[in-house]
Amino acid sequence: MFIKKIGLILIFTLVSLSMKASFVLIPMDVDSQNDHLKAYGITYWVLSNGQKAQWLLNYRGGSFLIPDSERLRQECTIRGVTYEVISNAEATKILSDIDSPSQNQESVLLEKAPKIAVYTPSGKKPWDDAVTLVLTYAEIPYETVYDKSVLDDELLLYDWLHLHHEDFTGQYGKFYRAYRAAPWYIQEKKEAEELAKSLGYNKVSQEKLAVAKKIRDYVIGGGFMFAMCSATDSFDIALSAEGVDICESMFDGDPSEPGYQNKIDYQKTFAFKDYILEKSPMVYEFSSIDMTRKRRVPKEQDYFTLMDFSAKWDPIPTMLNQNHTAIVKGFMGQTTAFDASQVKSNVLILGETRLNEEAKYIHGIKGKGFFTFYGGHDPEDYQHRVGDPKTELELHPNSPGYRLILNNILFPAAEKKKHKT
């Protein structure tokens, strides 16, 4: 480890000397950075231009160290990102201090900008989804895919996939009670049924299951998947209900299968176990996984805590938890957070609301790939509702909740190392 780290120091030093410059440090601590979110965009921009960067885990909030150039400094200035130009000697000392066994810090080499796909239906605006909103704000490019693309194996073209707030169970988001007469609900149901038939499926639930299985295979094969809100639990529920009709007649034209709860196969899921499905179509809920209806947390006390990991021994969860605060304000959604007792033992809880014993932010390994589930709809809109105006991220450039999303964006760019735990 030490020899390898010295090698990285020498590489960065030689690169900087050849450019007759030093290093740019992009600080990510609470007081030093003007725009934390756009700082990720700068780092992605560096990688997309064929350069490399160092992610300094637990050093000043997870700062970035990049060989200096006039173009980089100009780009930081244009985007409003705070940066510091430091000498070769200062950079070498920072890396040497980070490498000390006494420091819970680590430097991770970021090598290549991941190609990003967002699974979302056509017509959705960037502000309908927190991930597309923050990608747009941070100026990180992405492409959109949907059911036909997924079924045609186009996910293989991408390194990182985000799931929009989809319902993979075929129950149209369980919006039936409140919105069944709304024009948008009627239109979206019609479009979903037409799409399913065009792809050769009799029911939307069957078509969504096929999509979920393709996404599952993408992760098992080495892909990185990130999901928020209802795309988390509905994804697992769909996989576990393969071959079982859990939809009532208003969703698919025929009654659900008798005794379907006893036929759920939890071994097929990514993250959750032992949950009870919500049978009533009049209840805006999928299952007991979600904590929304179980919560007794006042808004002013709704915060979740990021877990502290060993940067040297557990660099992956450490990367995903980089932030300028360990306490992040909570936010709700159709799936607000996860019942910790129904999270599988091999899945890491990255963030939790201790007041309510709920998991807010979790991560796991599936095959050769990784997945992260994040509860809630919008980190800067506490209780986002249908039709609410979009969040203006210009007003929240230092959002800790949005930083967690962007940590996942850079995660696939990291140099791959063997797991130590």
Side-chain angles (χ1 to χ4, degrees), residues 8 11-12 15-16 19 21-87 90-91 94-95 98 107-116 118 126 130-143 159-160 162 226 319-325 379 392-415:
L8 287 174
I11 289 171
F12 264 66
V15 169
S16 64
M19 298 172 67
S22 45
F23 286 91
V24 164
L25 176 71
I26 299 180
M28 297 293 278
D29 44 352
V30 65
D31 296 320
S32 302
Q33 183 51 252
N34 178 61
D35 197 319
H36 286 91
L37 306 185
K38 284 188 179 291
Y40 288 89
I42 285 288
T43 306
Y44 189 96
W45 174 82
V46 167
L47 300 175
S48 66
N49 280 283
Q51 297 179 306
K52 297 181 181 181
Q54 289 273 65
W55 196 354
L56 309 182
L57 305 185
N58 291 348
Y59 176 80
R60 295 183 64 181
S63 299
F64 301 103
L65 185 65
I66 306 167
D68 183 29
S69 70
E70 182 178 353
R71 190 180 175 199
L72 172 59
R73 283 179 264 132
Q74 289 175 343
E75 198 67 28
C76 288
T77 300
I78 291 169
R79 300 195 192 191
V81 173
T82 308
Y83 68 94
E84 302 170 10
V85 178
I86 62 175
S87 67
E90 290 173 307
I94 288 172
L95 290 171
I98 287 173
S107 59
V108 173
L109 184 65
L110 302 179
E111 300 184 289
K112 181 182 177 182
K115 190 173 183 182
I116 298 168
V118 174
V131 174
T132 50
L133 181 65
V134 76
L135 288 173
T136 302
Y137 177 78
E139 301 179 56
I140 295 175
Y142 65 91
E143 297 177 16
D159 303 301
W160 191 88
H162 165 59
F226 179 85
M319 270 186 273
L320 298 179
N321 272 13
Q322 288 303 284
N323 225 309
H324 49 282
T325 176
E392 299 290 347
L393 281 183
E394 290 81 3
L395 302 176
H396 308 282
N398 310 107
S399 170
Y402 271 102
R403 274 199 69 178
L404 297 178
I405 297 173
L406 294 173
N407 287 339
N408 283 268
I409 293 289
L410 288 186
F411 172 46
E415 178 190 23

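What you see below is based on every heavy atom in this structure, not just the backbone, and it leaves out hydrogens, waters and symmetry mates.
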If I compare all heavy atoms of Asn323 with all of Pro400, which pair ends up nearest, and what's the gap? ND2-O, 3.0 Å

Flag side-chain contact, heavy atom, 4.5 Å: Leu72 against Ile42: yes

Partners meeting side-chain hydrogen bond (donor to acceptor under 3.5 Å, both in side chains) with Arg79 (sequence neighbours left out): Glu75

Please report the closest heavy-atom contact between Pro67 and Lys52, naming both atoms and the distance. CD-O, 3.7 Å

So which pairs with a foot in residues 25-50 pass salt bridge (charged side-chain N to carboxylate O under 4.0 Å, His left out), sequence neighbours left out? Asp29-Arg60, Lys38-Glu139

Apply side-chain contact (heavy atoms from CB on, under 4.5 Å) to Lys115 and list each qualifying residue two or more places apart in sequence or on a separate chain. Glu143, Tyr158, Asp159

Do Leu37 and Arg403 have side chains that approach each other closer than 4.5 Å (heavy atoms only, starting at C-beta)? yes

Considering residues at least two apart in sequence or located in another chain, which fulfil the ring-ring contact (aromatic ring centres under 6.0 Å, His included) criterion with His324? His36

Who pairs with Trp160 by ring-ring contact (aromatic ring centres under 6.0 Å, His included), at least two apart in sequence or on another chain? Phe226

Any side-chain heavy atom of Ile66 sitting closer than 4.5 Å to one from Ile26? yes

What do the steps show when you test Leu47 against Glu111 for side-chain contact (heavy atoms from CB on, under 4.5 Å), and what is the final call? CA-CA 7 Å; Leu47 300 175; Glu111 300 184 289; 6.0 Å; no

Taking the side chain as every heavy atom from C-beta outward, state whether Leu57 and Gln322 have any atom pair closer than 4.5 Å. yes

Could you check whether any side-chain heavy atom of Leu65 comes within less than 4.5 Å of a side-chain heavy atom of Ile94, counting everything from C-beta outward? no

Taken in chain and number order and not counting sequence neighbours, the residues that satisfy side-chain hydrogen bond (donor to acceptor under 3.5 Å, both in side chains) with Glu394 are none

Ile409 versus Pro114, closest heavy-atom pair with distance: O-CG, 3.3 Å

Ala414 versus Val108, closest heavy-atom pair with distance: CB-CG1, 3.6 Å

Can you list everything that forms a side-chain hydrogen bond (donor to acceptor under 3.5 Å, both in side chains) with Tyr59? Sequence neighbours excluded, please. none

If I compare all heavy atoms of Asn408 with all of Leu404, which pair ends up nearest, and what's the gap? ND2-O, 2.8 Å

Can you list the residues that meet the side-chain hydrogen bond (donor to acceptor under 3.5 Å, both in side chains) rule with Ser48, with sequence neighbours excluded? none

Shortest non-hydrogen contact from Val85 toward Ser22: CG1-OG, 3.4 Å

Under 4.5 Å between any side-chain heavy atoms of Leu25 and Glu90, yes or no? no

Return the set of residues passing ring-ring contact (aromatic ring centres under 6.0 Å, His included) with Phe64 (not counting sequence neighbours), or none when no residue passes. Tyr40, Trp55

Taking side-chain contact (heavy atoms from CB on, under 4.5 Å) as the definition, give me every residue that meets it alongside Asn34, ordered by chain and number, with sequence neighbours left out. Thr82

Close side-chain approach of Met319 and Asn407, heavy atoms under 4.5 Å: no

For Thr77, what residues pass the side-chain contact (heavy atoms from CB on, under 4.5 Å) criterion, not counting sequence neighbours? Tyr83

